[in-house]
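Here's the structure, in structure tokens; my notes come after.
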Amino acid sequence: MLVTKTVKIEFANSEWRAVECIQDLRKAAKSASLNLYSKYDVRIELPRIVNDTLVVMDIRIPEEIAETFSIGNHLRGVSAYLMKYCDGRYNDAVVGNRILKYIVIPVPESDDIQIPMVQRFSLISEMAELLKNSDSMTNDKIARIIAIMHE
């Protein structure tokens, strides 16, 4: 049995956006996945964009090693690929010794999950975008959302 963990990918340097580098991140994940699959039977799906601002990837880990499997440590191959095969494009993205941050998106423990966590983050991001505008149409949308939330 495999345990699925959804991981958010960000650059350590906050000036860099993972969305803008998705093609290189996909190549790097593909390269790293071969090593992890052969050593640990861990499967990495290619990174995907969620709501134009968030890059996530699913990692499927065998249940017997899921509790002790250090995702950040084992995904060093992604960073190594970016530094080695991308002609120095990511040298400015390095902060300390890190180029990427991996944040595991927590999954609620209840069985009656109605909205997956990744979609929840996407909805929060969309709401934040609405709050940036102040025209009447946007204000009406925000008022409707608040009314639904109160119900």
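Cluster annotation: Leu131 and Ile145 are assigned to the same hydrophobic cluster (Ile/Leu/Val/Met/Phe/Trp/Tyr, side-chain heavy-atom contacts under 4.5 Å, transitive). Connection of Ile71 to Phe11 is established within a shared hydrophobic cluster, with ILVMFWY side chains joined at heavy-atom distances below 4.5 Å, either directly or through further cluster members. Under the 4.5 Å side-chain heavy-atom criterion for Ile, Leu, Val, Met, Phe, Trp and Tyr, Val104 and Leu100 are members of the same hydrophobic cluster. The cluster map of Ile, Leu, Val, Met, Phe, Trp and Tyr, joined by side-chain heavy atoms under 4.5 Å apart, puts Tyr90 and Val95 in different clusters. Tracing side-chain contacts under 4.5 Å through hydrophobic residues (I, L, V, M, F, W, Y), one never reaches Val56 starting from Tyr102; they form parts of separate clusters.
Taking NZ from Lys5 and CD1 from Ile61, the interatomic distance works out to 5.5 Å, rounded to the nearest 0.5 Å. Between the CG atom in Asp24 and the OH atom in Tyr85 there is a gap of 13.5 Å [rounded to 0.5 Å]. Here the CG-CE distance, from Leu130 to Met137, works out to 9.5 Å after rounding to the nearest 0.5 Å. Going from atom CZ of Arg17 over to atom CG of Asp52 covers 8.5 Å, rounded to the nearest 0.5 Å.
Taking both residues in full, the closest heavy atoms of Ala12 and Arg98 are given as CB-O, 3.7 Å, listed atom of the first, atom of the second, then distance. Considering all non-hydrogen atoms of both residues, Glu45 and Met57 come closest at O-CB, 3.6 Å. For the residue pair Val19 and Leu54, the shortest heavy atom distance occurs at CG2-N, 3.9 Å. Shortest non-hydrogen contact noted between Val78 and Ala28 is O-CB, 3.5 Å. The two atoms that bring Ser70 and Asn73 nearest to each other are OG-CB, 3.3 Å, heavy atoms only.
With hydrogens and angles disregarded, no donor-acceptor distance shorter than 3.5 Å links the side chain of Asn133 to the backbone of Asp135. Without hydrogens or angle criteria, Asn51 side chain to Thr53 main chain gives no donor-acceptor distance under 3.5 Å. Counting only distance, with no hydrogens or angles, the side chain of Arg26 and the backbone of Pro47 share a donor-acceptor pair below 3.5 Å. Without hydrogens or angle criteria, Asn13 side chain to Asp92 main chain gives a donor-acceptor distance under 3.5 Å.
With sequence neighbours excluded, the residues satisfying side-chain hydrogen bond (donor to acceptor under 3.5 Å, both in side chains) with Asp41 are Arg43.
In this structure the side chain of Arg89 never reaches within 4.5 angstrom of the side chain of Leu82, judged on heavy atoms. With contacts defined as side-chain heavy-atom distances shorter than 4.5 Å, the pair Ile142/Met127 qualifies. At a threshold of 4.5 Å between non-hydrogen side-chain atoms, the residues Leu75 and Ile9 do not count as touching.
Using the six-membered ring where Trp is involved, His74 and Phe69 have ring planes that are parallel, under 30° apart on the 30 and 60° scheme.
Residue Arg76 places its CZ atom among 12 or fewer non-hydrogen atoms of other residues, nucleotides or ligands, all under 6.0 Å distant.
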